Structure formats: structure tokens, C-alpha cells
J.: 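One structure, pasted below without further comment.
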Amino acid sequence: MKHAADPGPSLADLEADPHPHLARLRASGPVAWLPALGGWLVTDRATALEVMRDDTTFTVDDPRFSTAQVVGRSMLSTDGGEHDLHRSAFSKPFRANAVREELGPWLREEARRIVGSFAGNGSAELRSALAAPLAVSTVLHTLGLGSAHPDQVLGWYRTIGAAIEGVNAGRAIDDEAVAAVAGLRARIDETVAGGAGPLAEAAGLLDADAVFANAAVIMFGAIETSEGTTAGALFHLLSSPEQLSEVLADRSLVADVVEEALRIEPAASLVDRYATHDVEIAGASIRRGDLVTVSLAGANRDPSVFDDPDRFDLHRANARQHLTFVQGPHVCLGMHLARLETREAIDAVLDLLPGIRLDPERTTPPRGLVFRKPVSVGATWAVSHQVPTGDV
Ligand code: HEM
């Protein structure tokens, strides 16, 4: 039976600040039917794990899955053997060692190049000045698309993203989206034809449609989320001057800042699954075909796992138990890269922007229904006559 949460938060409530609503829902049971979503919402960590690990019962392979309608079948929209085929064709550059050794030095330099480009100004809005351009250049570099113009890629990305949202809202895919898919597809086909790099390697294992769909999913999986993670980590760190001082004194704490930032506000806060058969879970009777949405934001603030869960605490010993990158077959392919990217961004900020502090007037807290990030992270710092350059 579907117990409606009474009357349950609206989508606008969840977009603005979901955390008090998630806490209330969780207190009356970890799985609730949410009329605003037209599906079940899972709000505790144990049930979230149960759902995400069981892709036989809770699948992503459903005609309602909007990304697949726009870009085609990919690792994100398939399960079982087909999923493994898609994923294994792209996994090599994203393994922990490959990220550290092959992408690490480039990432460090790129973060410093970007921060160096505005260090002399004494102030900036760090989401748009740093987090966004770093997210785009990182994924383009990783896929061997480094020669593509970032603004053009961002244009395609926004149009395709809007089309995916449109499909969610019941609209048809418009001509603009068809043209954006064609533009991105041409760029990817051209790179494959170049014969080197991860896309060409994947083309040895998958057909051209699948190479395109997975490349698009990797790009879209990376841009919004990495931008949100870096902006969120800077927001939380700069919002806590005592913790900022500690990190300045002990830079090994940057990795802990990243992990706690991932926990407290997952940049992708909801993931969708569809029940393949009737099933009882945590007392909820789910019917075949029902939408089951897992709130990663809810799981990450489950008070039975995380003490004082609303507090940003870089010394939290179990922060790594967050589910921000999910678990199970769809665990984020880019998690090692995303972690390193945010670490390098913070390091570059702390190295190149002396005396950095938050500018509350130019800062807005995280918001968003599925993708959450602070819209702006204003900051000021001291400018010396000798402005540091990107190659420090
Ligand atoms: C360089 C950055 C990133 C890349 C290349 C990337 C790529 C991907 C890909 C390809 C998948 C699909 C895996 C599969 O279905 O087998 C995925 C899943 C996922 N990623 Fe990432 N990602 C990146 C960063 C992030 C970040 C920063 C977050 C969150 C803060 C995130 C959250 C997720 C989540 C929640 C899923 C699971 C989706 C689901 O199960 O429905 N990703 N990622």
C-alpha cells in the first residue's frame, strides 16, 4: 500500500532545502510514497544500499529513463551483461592508478592555470571562475577531446541537458536538441577516426552509437557533478574559518575536506530505479514498474550512521561511508578523477590566493532538485605586487 507522506514535501521544497524534509520522512520510515515524485523515496543508508546493489529487482533499464531517449543506450541505462560491455570499454582511464599517474600532473597544472588567471583580481565567484571551467576541461582532456572548444561543448551540453529534463516533464525532443546531439556526435566520430585515445580504444569494442552514447554520458556525468562538488567543497570550507585555518596549517586535511563535502551535499542527490517485480522493502509494498528514487542526500545524513549529520566536520571519521558515488554496478566511473579534481582545485586556491575568505554578500547556499550546488561562492583575498602565476 502506498502511504502518502502527509502531504509530503513538494518538488520546490526539495529543491530549496531537502534536508529537514528528508529527516522527517526518514523518521517515519525509510521508504515513503511521494506524490510530488510519483514514486517511492528512500531516505536511509541501509535501504539505499539494498536498492542500489540489486539491479535484478531495481533496474535502470526502463523506457521512462530519459537520458537513453536522448543519447541512446549506455552504461547508465543498462544492466547485466550489456552494462558490463559498455562500462568495460571505457573503464581504463578512470582507474585509480591511471587517474593518479596519467591525469594527476595535468590536473594540478590545469587547476593552477585557471586560478592563476584571476589571482591578480583580489576577488572572484569561484563556481563560475574555477569549478565550471575545470570540470569541462578535465573531462575533455580525459576523453582526448581537448581540442574541442569548451564553450561549444558547454552549449551542446546545456541543450542536451534541457532535452533530458524536457523528456522527464513529458515533452518531445526538439530540433535544437537533435542538432546538439548531431554536433557532439560529429566531434566524437572525428576523434575516433583520429585512431588514438580512449574513444578510439572503445570503438574497438563497441559500435559507433554506443561509443557516442557512453561518451555523452561520461561528459554529462562529469560536468555538472564535478562543478557542484568543487563549488560545494569551497563553499563549506570557506564558510568555516576555524576549519579553513586548520587546513592551511595541515594540507593533508584537503582530502578529508573533499570527502566531507561529498557527504554533506551530494552534487547528484537523487538516482532513479524501476522495480522489475512486486517487492517488499523496509515495510513498503512496491509494485512492479514503480519508480524507486534513492535520496543520496538522505542516506548521507542518516543519523544512525553519521553523528550530528547536518554539521560539516572535516574530522568525521566515517565520512567515506557516504553514498555520493552510489554502490553496486552503477558506482560512479569517474569517482577517482572527481576526488582528485576537487583536491587540486582546493590546493590551487589555498596556494595562490593568500588570506582567502568567503564573501557572504556574493555567496548563495546549495540548491537544486537532482543536481545540487551553490550558485555562487564569492571570495576575496590579498593581492601582493608579485602576483603568483599558474606555474608556481
Ligand atoms: C570526472 C568526473 C565524473 C565522471 C567521468 C563520471 C562518470 C560517471 C559514469 C559514466 C557513470 C555511470 C556508471 C554506470 O552506470 O556504470 C556515473 C555514475 C554516477 N556518478 Fe559519476 N562521474 C563523475 C563525477 C561524479 C561526481 C562528482 C558525482 C557526485 C558528486 C557523481 C555521481 C554519480 C552517481 C550518483 C552515479 C550513479 C548514477 C546511477 O546509479 O543512477 N559522478 N558517473
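Only heavy atoms go into these numbers, but all of them, side chains included; no hydrogens, no water, no symmetry mates. Owing to the predicted nature of the structure, the values given are computational and were not obtained by experimental measurement. Throughout, numbering of the chain's residues begins at 1 and tracks the sequence. Read the numbers this way: they start at 1 and go in the same order the structure lists the ligands and their atoms.
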J.: Identify the closest protein heavy atom to atom 9 (C) of ligand 1: which residue and atom is it, and at what distance?
T.: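 Among all protein heavy atoms, the one nearest atom 9 (C) of ligand 1 is L333 CB, 3.8 Å.
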J.: Please work out whether any backbone atom (N, CA, C, O) or any side-chain heavy atom from C-beta onward of T142 is under 4.0 Å from ligand 1, and answer side chain, backbone, both or neither.
T.: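 Neither; no heavy atom under 4.0 Å.
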J.: Report yes or no: does R263 contribute a side-chain atom to a donor-acceptor pair with the main-chain N or O of N300 at less than 3.5 Å?
T.: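 Yes, the answer is positive, given that a donor and an acceptor are paired below the 3.5 Å cut-off.
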J.: Could you check R367, E260, R301 and say which one makes a side-chain contact (heavy atoms from CB on, under 4.5 Å) with E265?
T.: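 With E265 as partner, R367, E260, R301 yield a single side-chain contact (heavy atoms from CB on, under 4.5 Å), made by R301.
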J.: Determine, using heavy atoms of P266 and all atoms of ligand 1, whether some pair is separated by less than 4.0 Å.
T.: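 Under 4.0 Å: no for P266.
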J.: Looking only at atom types and distance, does a side-chain atom of T276 sit under 3.5 Å from a main-chain N or O of T57, one as donor and one as acceptor?
T.: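 Yes, T276 side chain to T57 backbone: donor-acceptor pair under 3.5 Å.
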J.: For S74, does its backbone N or O pair with a side-chain atom of S77 as donor and acceptor, under 3.5 Å?
T.: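 Indeed, once roles are kept as given, a pair shorter than 3.5 Å links the two residues.
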J.: What is the nearest protein non-hydrogen atom to atom 12 (C) of ligand 1, stated with its residue, atom name and distance?
T.: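 In this structure, atom 12 (C) of ligand 1 has L76 CD1, 3.7 Å as its nearest protein heavy atom.
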J.: Angle between ring planes, H236 versus F312, binned at 30° and 60°: parallel, tilted or perpendicular?
T.: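 Rings of H236 and F312: parallel, under 30°.
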J.: Tell me whether D351 is salt-bridged to R112, with the criterion being a basic N under 4.0 Å from an acidic carboxylate O.
T.: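 R112 and D351: salt-bridged.
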J.: Return the residue, atom name and 0.1 Å-rounded distance of the protein heavy atom closest to atom 24 (C) of ligand 1.
T.: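 Protein heavy atom at minimum distance: T225 OG1, 3.4 Å.
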J.: Identify the protein heavy atom lying closest to atom 7 (C) of ligand 1, giving its residue, its atom name and the separation to 0.1 Å.
T.: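 Checking every protein heavy atom, the shortest distance to atom 7 (C) of ligand 1 gives G334 N, 3.8 Å.
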J.: Is there a polar contact between ligand 1 and H83, counting only N or O atoms under 3.5 Å apart?
T.: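 Min N/O separation from ligand 1 is below 3.5 Å for H83.
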J.: State whether the shortest distance between N or O atoms of R273 and N or O atoms of ligand 1 falls below 3.5 angstrom.
T.: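 So ligand 1 has an N or O lying under 3.5 Å from an N or O of R273.
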J.: Is the closest N or O pair between R87 and ligand 1 shorter than 3.5 Å?
T.: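 Yes, R87 has an N/O under 3.5 Å of an N/O on ligand 1.
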J.: Say whether H330, considering both its backbone and side-chain N or O atoms, lies within less than 3.5 Å of an N or O atom on ligand 1.
T.: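 It does: an N or O of H330 is found under 3.5 Å from an N or O of ligand 1.
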J.: Does R251 reach the main-chain N or O of D347 with its side chain, forming a donor-acceptor pair under 3.5 Å?
T.: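 Side chain of R251 to backbone of D347, a donor-acceptor pair under 3.5 Å: yes, one is there.
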J.: Taking D256 first and then R320, would you say they form a salt bridge - that is, a charged N and a carboxylate O separated by under 4.0 Å?
T.: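 Here D256 does not pair with R320 in a salt bridge, since their nearest N and O are not under 4.0 Å apart.
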J.: Only one of T363, V115, T230, I356 forms a side-chain contact (heavy atoms from CB on, under 4.5 Å) with L126, so which one is it?
T.: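 Looking at T363, V115, T230, I356, the match for L126 under the side-chain contact (heavy atoms from CB on, under 4.5 Å) is I356.
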J.: If you count the atoms of ligand 1 from 1 in the order shown, which ones are under 4.0 Å from a heavy atom of V271?
T.: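 Under 4.0 Å from V271, ligand 1 has these atoms: 35 (C), 38 (C), 39 (C), 41 (O).
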J.: Pull out every atom of ligand 1 sitting under 4.0 Å from any heavy atom of A267, numbered as shown with elements.
T.: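 Ligand 1 atoms under the 4.0 Å threshold to A267: 30 (C).
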J.: Are R339 and E259 close enough for a salt bridge, meaning some N to O gap below 4.0 Å?
T.: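 Answer for the salt bridge query: yes.
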J.: Tell me: protein heavy atom nearest atom 1 (C) of ligand 1, and distance?
T.: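 Of every protein heavy atom, L337 CD2, 3.4 Å lies nearest to atom 1 (C) of ligand 1.
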J.: For atom 30 (C) of ligand 1, what's the nearest protein heavy-atom neighbour? Residue, atom name and distance, please.
T.: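 Going by distance alone, atom 30 (C) of ligand 1 is nearest to T229 OG1, 3.2 Å.
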J.: Tell me: protein heavy atom nearest atom 21 (Fe) of ligand 1, and distance?
T.: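 Here the nearest protein heavy atom works out to C332 SG, 2.3 Å.
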J.: For atom 32 (C) of ligand 1, find the nearest protein heavy atom and state the residue, atom name and distance (0.1 Å precision).
T.: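 For atom 32 (C) of ligand 1, the nearest protein heavy atom comes out as T324 O, 3.8 Å.
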J.: So for F94, does at least one of its heavy atoms come nearer than 4.0 angstrom to any atom of ligand 1?
T.: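 The answer is yes: ligand 1 sits under 4.0 Å from a heavy atom of F94.
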J.: Do R73 and D61 sit within salt-bridge range, that is, some charged N less than 4.0 Å from a carboxylate O?
T.: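 Looking at D61 together with R73, the answer is yes, because their closest N to O distance falls below 4.0 Å.
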J.: Check contact between T138 and ligand 1, using heavy atoms of the residue and a distance below 4.0 angstrom.
T.: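 T138 does not count as a contact of ligand 1 under the 4.0 Å cut-off.
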J.: Taking the side chain from R316 and the backbone from D307, do they hold a donor-acceptor pair closer than 3.5 Å?
T.: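 Yes, R316 side chain to D307 backbone: donor-acceptor pair under 3.5 Å.
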J.: Going by the order shown, which atoms of ligand 1 are within less than 4.0 Å of some heavy atom of A222?
T.: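 Ligand 1 atoms under the 4.0 Å threshold to A222: 1 (C), 2 (C), 3 (C), 4 (C), 5 (C), 23 (C).
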J.: Under 4.0 Å from a heavy atom of I218: give me the atoms of ligand 1 that qualify, with their elements.
T.: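 Answer for ligand 1: 5 (C), 10 (C).
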J.: Does ligand 1 come near enough to M75 that some N or O of the ligand is less than 3.5 Å from an N or O of the residue?
T.: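 In this structure, M75 places an N or O atom under 3.5 Å from an N or O of ligand 1.
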J.: Got a sec: does the CZ of R288 have more than 12 other heavy atoms crowding it under 6.0 Å?
T.: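 Counting other residues, nucleotides and ligands, CZ of R288 stays at 12 neighbours or fewer.
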J.: Within ligand 1, which atoms have a heavy atom of A338 less than 4.0 Å away?
T.: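 The list of qualifying atoms is 24 (C), 27 (C).
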J.: Going by the atom numbers of ligand 1, which of them fall below 4.0 Å from some non-hydrogen atom of P329?
T.: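 Those qualifying, in numeric order: 16 (O).
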J.: Does some non-hydrogen atom of S77 fall short of 4.0 Å from ligand 1?
T.: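 No; S77 lies far enough from ligand 1 that no heavy-atom distance drops under 4.0 Å.
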